[in-house]
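First comes the structure, then the notes that go with it.
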Amino acid sequence: MKRREFVGGIAAAAGLAGCSQADNENTGVQKAQQRFEWSCVTSWPPKFPGLGMAVENLARRLERASAGRLKIKVYGGGELVPAFEVFDAVSRGAVEMGHDASYYHKGKVDAAQFFTAIPFGMNCTELNAWIYYGGGLKLWRELYEPFNLVPFLCGNTGVQMGGWFNREIKSVDDLQGLKMRIPGLGGEVLRRAGGTPITLPGAEIFTSLQTGAIDATEWVGPYNDVSFGLHKAARYYYYPGWQEPGPGLECIINRDAWESLPDDLQALVEITCQAITTDMVAEYSHGNANSLQQLLEDPNVDVRPFPPDVLQHLNVITRKLIDELAAKDPAVAKVSVPYYEYLTKMETNTRISEYAYLDTRR
Ligand code: CA
């Protein structure tokens with residue numbers, strides 16, 4: 001038998017019984033009859049709007065489109081493994097699939113952050129272009145190879161909001177001492193700008209903001225922020241989300257599990273992950289537009305842009321930070337150099353197409 005068994009025991013439930021004849025195991029007929037039952041762990045609360053529903057949709061569509069040959073059971077964060085251990089669980093083959101954001105692997109695989117979002121980096125359209133046509137996917141696959149993982153882009157929230165603030169940000173000075181829930185590279189940028197970044201699980205954000213334990217928080221955008229009630233805990237809602245300009249989500253598959261799939265099911269997984277990104281962008285655009293309307297009509301909420309010099313300051317800090325990371329870690333440099341080359345080229349294109357057009361609708 002050439003088929004590799006992967007560790008973790010889940011494979012035993014994969015409905016592969018009856019394939020004992022090495023002779024005909026790989027014939028088309030045999031492969032077409034194989035059924036796979038996989039588990040997918042995620043970093044999201046179960047069925048969470050947007051993020052959690054995207055992976056439920058992925059599983060449902062794969063099962064339907066494969067006529068039940070690929071059945072995936074989705075687990076919310078903490079149900080099977082802790083929310084931030086998705087990468088490890090799929091890597092060691094305890095489960096076949098995971099859905100999370102690659103910037104959660106900061107500290108383990110720093111270069112992975114470029115495949116979710118970098119402050120002042122690519123937006124959703126630009127990230128799609130880089131991943132699918134600009135060499136991004138190849139770099140991503142190489143980065144995850146030692147972890148026995150195959151990554152797929154699977155979702156995007158679109159540009160986020162800068163966040164909720166209980167004090168006005170009129171200049172760079174107002175960032176001094178600002179206690180803000182902001183994870184990842186964005187948090188490090190805030191720290192270098194004089195603020196105090198704090199990491200909090202989603203469930204604690206509202207209370208921390210309301211009690212004054214923190215001065216500000218970023219979360220996602222109007223759609224998710226209103227469902228968390230953040231507009232009842234802070235007055236100022238700043239934009240844009242410089243820290244997350246179009247974060248891509250990932251579907252990761254254990255390499256042995258991936259290689260056990262016949263070609264048509266592999267194609268189905270690739271196509272469905274792309275479809276989920278399209279679907280999620282539509283869901284967020286729809287949800288954000290509705291929730292933003294509600295916020296603009298709320299007399300207790302003040303939606304406003306960051307001052308340009310504050311954004312410029314944070315941008316300069318970001319580039320220095322990335323340069324430092326790239327100098328320390330060759331894996332970061334291998335991704336960051338082509339990333340910024342691509343972004344520079346794309347920036348010109350985006351400016352004379354999308355930006356220029358949007359200006360005509362003012
Ligand atoms: Ca965010």
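Whatever order the structure lists them in is the order used to number ligands and atoms, beginning at 1. When a residue number appears, it is its place in the shown sequence, counting from 1. All values below were derived from every heavy atom in this structure, side-chain atoms included, with hydrogens, water molecules and symmetry-related copies excluded.
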Between Glu56 and Lys47, is the closest basic N to carboxylate O distance under 4.0 Å? yes
For Cys154, the option from Glu250, Gln274, His99 that meets side-chain contact (heavy atoms from CB on, under 4.5 Å): His99
Checking one value in my table: which N/O/S atom of Glu244 lies closest to the Ca ion (ligand 1)? OE2
Taking both backbone and side-chain atoms into account, decide whether Thr157 has an N/O/S atom under 3.0 Å from the Ca ion (ligand 1). no
Identify the residue among Phe115, Tyr144, Tyr339 that makes a side-chain contact (heavy atoms from CB on, under 4.5 Å) with Leu139. Phe115
So that I can tick it off, tell me whether Glu63 and Arg69 are bridged by a salt bridge, with the cut-off set at under 4.0 angstrom between side-chain N and carboxylate O. no
Could you check which N/O/S atom of Glu218 is closest to the Ca ion (ligand 1)? OE1
The Ca ion (ligand 1) contact by Trp219, N, O or S atom under 3.0 Å: yes
